> 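Please see the structure below; I have some questions.
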Amino acid sequence: MKLARLLEKRRIAANQPALAAAVVVGGKIKAAAAVGTRKYGTRNWVTVDDNFIIGSCGKALTSTVAALMVDEGMLRWDTTIGNVFPSLESSDAFRNISLMQLLSHSAGLPKSFMADLKRSVSYTPTAGRLVYLSQIAQTELHHPPGTVKFYSNTGYILAGLMMEVVSGKEFNELMSMKLFKPLNLATAGYGAPA
């Protein structure tokens, strides 16, 4: 199959364990292929039925859910961390970071931040993110909010947490309710595949 040969060539060039693609014309799948393995060095071959993690493409989905919540009046683009978490101990600059700044990589946050979660505690996803918030709030911002564009996974974690708290629903439930179900995405999910 031509598509599989093309994908295998691209997979090798990009040094990836696996790659999958489909050709869709008029809403119908005309060709689909998957090449490579689920784990380097194994013969555990991928198939076109496997789920793939889309990585940072999830930021577009997160921003879309945020936009829907703004449209519904649940949030505003200028809603700040301090508005949603009024008792959070942090600097004024951190408390004044807006939803828009979080989603546009202009909050002054680091690219990534690892929270120090206790191994002896079993956290719900939201509870873990609340610990993350309390710890990142104690760090110094890299730039004053709104002044510099700097790619940040951290901003999206905090935006998602703001959406969770305002809605009272865990982020994966929000994503399913506001995006996956309305778009009839039956195999889409949030988080790593099993």
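Since the model is a prediction, treat every value here as computed from it, not as a measurement.
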> Are M162 and L102 close enough that some pair of their side-chain heavy atoms sits under 4.5 Å apart?
yes
> Looking at CG of L6 and CZ of R11, how far apart are the two atoms once the value is rounded to the nearest 0.5 Å?
13.0 Å
> Looking at E8 and R5, does any basic side-chain N land under 4.0 Å from a carboxylate oxygen?
no
> What distance separates M163 CE from L68 CG, expressed to the nearest 0.5 Å?
10.0 Å
> Looking at I29, I'd like to know if its CD1 atom is crowded, meaning that more than 12 non-hydrogen atoms belonging to other residues, nucleotides or ligands lie closer than 6.0 Å.
no
> Once you round to the nearest 0.5 Å, how far does CG of L7 lie from CZ of R10?
9.0 Å
> What distance separates T62 OG1 from F171 CZ, expressed to the nearest 0.5 Å?
3.5 Å
> Please confirm whether the backbone N or O of D116 pairs with a side-chain atom of Q135, one donor and one acceptor, at under 3.5 Å?
yes
> Enter the distance from S167:OG to E173:CD here, rounded to the nearest 0.5 Å.
7.5 Å
> Using modelled atom types and a 3.5 Å cut-off, is there a donor and acceptor pairing between side-chain atoms of T64 and backbone atoms of A60?
yes
> Would one find more than 12 heavy atoms of other residues, nucleotides or ligands at under 6.0 Å from atom CD of E140?
no
> Please set out all donor-acceptor pairs under 3.5 angstrom arising from side-chain atoms of residues 151-159, sequence neighbours excluded.
| unit_1 | atom_1 | unit_2 | atom_2 | d |
| --- | --- | --- | --- | --- |
| Y151 | OH | S56 | OG | 2.7 |
| Y151 | OH | K59 | NZ | 3.1 |
| S152 | OG | P110 | O | 2.8 |
| S152 | OG | T154 | N | 3.3 |
| S152 | OG | G155 | N | 3.0 |
| N153 | OD1 | K59 | NZ | 2.6 |
| N153 | ND2 | S112 | OG | 3.2 |
| T154 | OG1 | P110 | O | 3.2 |
| T154 | OG1 | Y132 | OH | 3.2 |
| Y156 | OH | S63 | OG | 3.1 |
| Y156 | OH | L103 | O | 2.7 |

> Mind checking side-chain contact (heavy atoms from CB on, under 4.5 Å) for S90 and listing every partner two or more places apart, or none if nothing turns up?
L88, F94, R95, A137
> Does any part of the side chain of L99, heavy atoms only, come nearer than 4.5 Å to the side chain of R76, both counted from C-beta?
no
> Check this for me: E72, atom CD, are more than 12 non-hydrogen atoms of other residues, nucleotides or ligands nearer than 6.0 Å?
yes
> Taking C-beta and beyond as the side chain, do Q101 and N96 meet within less than 4.5 Å on heavy atoms?
no
> Within a strict 4.5 Å, meaning less than it, do heavy atoms of the K169 and E164 side chains meet?
no
> How many angstroms lie between CG in L75 and CE in M100, if you round to the nearest 0.5 Å?
12.0 Å
